[in-house]
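Below: one structure, written as structure tokens.
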Amino acid sequence: MLDIQLLRTDLDRVVARLATRGFQFDATQFRALEEERKRIQVRAQTLQAERNQASKAIGQAKAKDEDTTALMQDVSRINEALKEDEAELLDVQTRLEGLLLDFPNLPHASVPVGKSEVDNVEVRRVGTPRVFDFPIKDHVNLGESLGLLDFETASKLSGARFSILKGELSHLHRALSQFMLDTHTRDHGYTEMYVPYVVNAETLRGTWQLPKFEADLFSVPRGEQGKHYLIPTAEVPLTNVVRDAILKEDDLPLRLTAHTPCFRSEAGSYGKDVRGLIRQHQFDKVELVQIVHPELSYAALEELTGHAEKILQLLELPYRVIVLCTGDMGAGSCKTYDIEVWLPAQNTYREISSCSNCEAFQARRMQARFRNKKGKPELVHTLNGSGVAVGRALVAILENYQNVDGTIEVPSVLRPYMGGTAVIGRKR
RNA sequence: GGAGAGAUGGCCGAGAGGUCGAAGGCACUCCCCUGCUAAGGGAGCAUAGGAUCAAAAGUUCUAUCGAGGGUUCGAAUCCCUCUCUCUCCGCCA
């Protein structure tokens with residue numbers, strides 16, 4: 001959520017900057033609504049003040065045993081008028097809030113302006129794609145021929161876009177998440193968290209998934225309590241840890257990590273990536289979240305992106321980092337780096353992590369604050385990034401580490417997590 | 001699942017229809033005092049929004065005592081619904 005003050009004082013600039021991310025906004029309509037709000041609010045508040053004063057006078061008169069009939073009639077009249085104003089005010093405010101809730105975040109000045117993913121800018125490339133001297137297979141082929149990847153049975157259980165991993169492949173999947181968590185907690189200073197996978201609507205509102213993206217979520221009916229939702233990413237529970245909290249300045253930065261499944265309905269995305277593990281309704285991810293002092297959030301973004309990159313470096317997977325242009329960024333982000341891993345079967349880099357600085361956008365919604373030097377509560381900045389998507393890392397390992405006989409080499413950092421296994425799929 | 005108790009400011013905790021945005025304490029900030037090992041005195045100290053203002057400061061108004069509704073001229077205080085926490089019993093990986 002944007003700062004309403006900013007809209008009141010600097011609307012034209014806000015509209016112009018939001019236009020760079022393809023967000024059209026009717027400033028005239030907003031101004032008119034604001035005018036209306038102001039008019040009604042001033043009137044209503046004046047009436048309230050009158051009423052409060054009169055009521056106080058009644059109390060004082062009664063204490064002195066005086067007659068209060070005239071005063072009470074006054075108040076009744078005020079209340080009549082007030083009732084209408086309050087209803088109008090509520091209506092205007094609801095409409096304004098509705099507009100405000102739809103606003104995406106303002107892009108940071110360093111973000112390239114563009115319309116879509118073709119305008120994203122590559123920042124760096126790390127590692128060199130391996131040259132194969134045999135015809136390579138994609139991860140689906142590799143997994144299925146080894147008998148370790150089973151989409152058919154998964155679709156019997158749950159439908160399309162679910163998968164079953166077996167034996168050594170399932171073990172490798174587990175090894176990956178363990179390795180990521182260990183690296184982030186041991187080397188990068190994150191605190192490991194175990195968090196709920198089912199959250200309430202308030203929590204999703206805090207991080208922006210509601211109300212706009214409800215269609216992408218799996219929900220769980222809960223009788224009188226309404227609906228709960230399966231988390232689409234651990235960003236949701238991790239970031240909301242600080243919702244409605246006032247932290248000590250010394251507590252910052254908070255670095256939190258969790259390994260969780262993520263559930264995405266993504267009804268609209270069929271037709272793309274239908275094959276394989278790339279786009280699933282359920283996948284595992286190790287998430288990184290930082291809650292930081294506003295002045296340090298851009299340094300933290302570089303740092304957090306580096307933490308995610310470190311995983312790929314240790315796994316010796318080639319990747320590149322791109323900065324998303326204004327038109328391709330998520331709504332809550334001021335600046336986003338995507339990390340894309342090399343997939344030889346697709347002959348391209350594919351997203352494996354997305355690292356964003358949301359500045360105070362989520363914090364304002366969540367009322368997540370810290371007490372600053374002056375003793376005043378001030379909004380924190382929030383950042384999140386995948387460190388990294390486990391399923392996609394598995395895909396990358398299958399494809400990059402494949403041997404001519406269809407077996408898979410285990411990256412050396414993962415071998416301790418695999419009981420020393422060096423190759424997957426070797427016949428015994 | 002059953003029975004009971006509770007939810008007040010950063011924290012603890014009083015208040016039980018009127019002058020309560022809320023006593024007192026702790027913490028914090030500033031000042032004074034004091035040569036000392038969690039010493040004393042004074043002042044300040046909730047959040048959000050509105051108006052005024054070029055802006056800040058200041059002034060002023062409104063809302064907020066778990067959330068939402070109701071009663072009333074007036075609600076932290078009374079009534080209803082919900083949520084959460086605690087205690088006891090039951091069940092359970």
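Every chain is numbered from 1, with letters handed out A, B, ... down the list of sequences. Bear in mind the structure is a predicted one, so any value in this text is a computation, not a measurement.
- Side-chain contact annotation: A/Thr203 with A/Asn200, donor-acceptor N/O pair under 3.5 Å present.
- Looking at the side chain of A/Lys38, the nearest of the listed nucleotides B/C73, B/A51, B/U19 is B/A51.
- Comparing the same atom, P, in B/G25 and in B/C31 gives a spacing of 22 Å after rounding to whole Å.
- You'll find that the side chain of A/Ala49 is closest to B/C61, out of B/U19, B/C61, B/C73.
- Ring geometry for A/His281 versus A/Phe218: interplanar angle over 60°, hence perpendicular rather than tilted (30 to 60°).
- Set against B/G10, B/U62, B/G18, the side chain of A/Ser55 has B/G18 as its closest nucleotide.
- A side chain to side chain contact (heavy atoms under 4.5 Å, CB included) with A/Arg13 is found for exactly one of A/Asp10, A/Leu11, A/Thr9, A/Val15, namely A/Asp10.
- Listed pair A/Arg371 / B/G9 fails the phosphate criterion, with no side-chain N or O lying under 4.0 Å from OP1 or OP2.
- When heavy atoms are screened at a 4.0 angstrom cut-off, A/Lys373 is found touching no nucleic acid atom at all.
- Nucleotides B/C82 and B/G2 place their P atoms 12 Å apart, quoted to the nearest Å.
- A/Gln5 comes within 4.0 angstrom of the backbone, heavy atoms only, and of no base.
- For the pair A/Ile246 CD1 and B/C11 P, the computed distance is 8 Å after rounding to whole Å.
- If you take CD of A/Gln60 and P of B/U19, they are 9 Å apart, rounded to a whole angstrom.
- One interatomic measurement links the two molecules: CG of A/Leu90 to P of B/U62, which rounds to 19 Å at whole-angstrom precision.
- Which of B/G49, B/A63, B/U47 sits closest to the side chain of A/Gln45 comes down to B/G49.
- Atom P of nucleotide B/G49 and atom CD1 of A/Ile4 are separated by 9 Å, given to the nearest angstrom.
- Relative to the side chain of A/Gln41, the nucleotides B/G49, B/U19, B/C73 differ in distance, and B/G49 lies closest.
- Proximity of the aromatic rings of A/His307 and A/Tyr190 is defined here by a centroid distance below 6.0 angstrom, and this criterion is met.
- The closest side-chain donor-acceptor pair between A/Ser265 and A/Asp216, if any, does not fall under 3.5 angstrom.
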*Before giving the answer on side chain to side chain donor-acceptor pair (under 3.5 Å), spell out for A/Gln402 and A/Glu409 the whole-Å C-alpha distance, their side-chain angles and the decisive distance to 0.1 Å.*
CA-CA 6 Å; A/Gln402 62 181 295; A/Glu409 210 76 30; over 6 Å; no
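- In this structure, A/Phe370 atom CZ and B/U47 atom P are separated by 14 Å, rounded to whole Å.
- Taking atom P on both nucleotides, B/U64 is separated from B/A5 by 28 Å, rounded to a whole Å.
- Taking a pair to require two hydrogen-bonding distances under 3.5 Å in either a Watson-Crick or a G-U wobble arrangement, B/A5 pairs with B/U85.
- Taking atom CG of residue A/Leu7 and atom P of nucleotide B/G49, one finds them 13 Å apart after rounding to whole Å.
- With both pairing distances under 3.5 Å, B/A38 is matched to nothing as a Watson-Crick or G-U wobble pair.
- Closest to the side chain of A/Gln48, from the set B/U47, B/G10, B/U62, is B/U62.
- Within the 4.5 Å cutoff, side-chain heavy atoms of A/Leu146 are placed close to those of A/Ile408.
- Nucleotide B/C53: unpaired (no Watson-Crick or G-U wobble partner with both distances less than 3.5 Å).
- Rounded to the nearest Å, the gap between the P atom of B/G21 and that of B/G35 is 45 Å.
- B/A46 and B/C26: their C1' atoms are spaced 16 Å apart (whole Å).
- Nucleotide B/U29 forms a pair with B/A43, judged by Watson-Crick or G-U wobble geometry with both contacts under 3.5 Å.
- Minimum atom distance to the side chain of A/Arg37 is reached by B/A51, of the listed B/C73, B/U19, B/A51.
- A residue-by-residue look at A/Ser76 and A/Lys56 shows that A/Lys56 has its nearest nucleotide of RNA chain B further toward the 5' end.
- Residues A/Phe25 and A/Leu18 are not in side-chain contact: their nearest non-hydrogen atoms beyond the backbone lie 4.5 Å or more apart.
- Considering only the side chain of A/Pro377, B/U47 comes nearest among B/U62, B/U47, B/A51.
- Map A/Gln93 and A/Ile58 each onto its nearest nucleotide of RNA chain B; the residue landing nearer the 5' end is A/Gln93.
- Nucleic acid contact for A/Arg369: sugar-phosphate only, since backbone atoms but no base atoms lie under 4.0 Å from a heavy atom of the residue.
- Of the nucleotides present, none pairs with B/G21 by Watson-Crick or G-U wobble criteria with both distances under 3.5 Å.
- Straight-line distance between the P atoms of B/A76 and B/G44: roughly 25 Å, to the nearest whole Å.
- For B/A27, neither phosphate oxygen OP1 nor OP2 lies less than 4.0 angstrom from any side-chain nitrogen or oxygen of A/Lys248.
- Remark: B/A48 base-pairs with B/U62. Criterion, Watson-Crick or G-U wobble with two distances under 3.5 Å.
- Annotation: B/G74 and B/A63 have their P atoms spaced 12 Å apart (nearest Å).
- Put simply, CD on A/Gln367 is 12 Å from P on B/G10, counting in whole angstrom units.
- With a cut-off of 3.5 Å on both pairing distances, B/G90 has no Watson-Crick or G-U wobble partner at all.
- Atom C1' of nucleotide B/G74 and atom CD of A/Gln53 are separated by 14 Å, given to the nearest angstrom.
- Phosphate proximity of B/C73 to A/Asn52: absent, as no side-chain N or O sits under 4.0 Å from OP1 or OP2.
- Comparing the P positions of B/G4 and B/A14 gives a spacing of 24 Å, expressed to the nearest Å.
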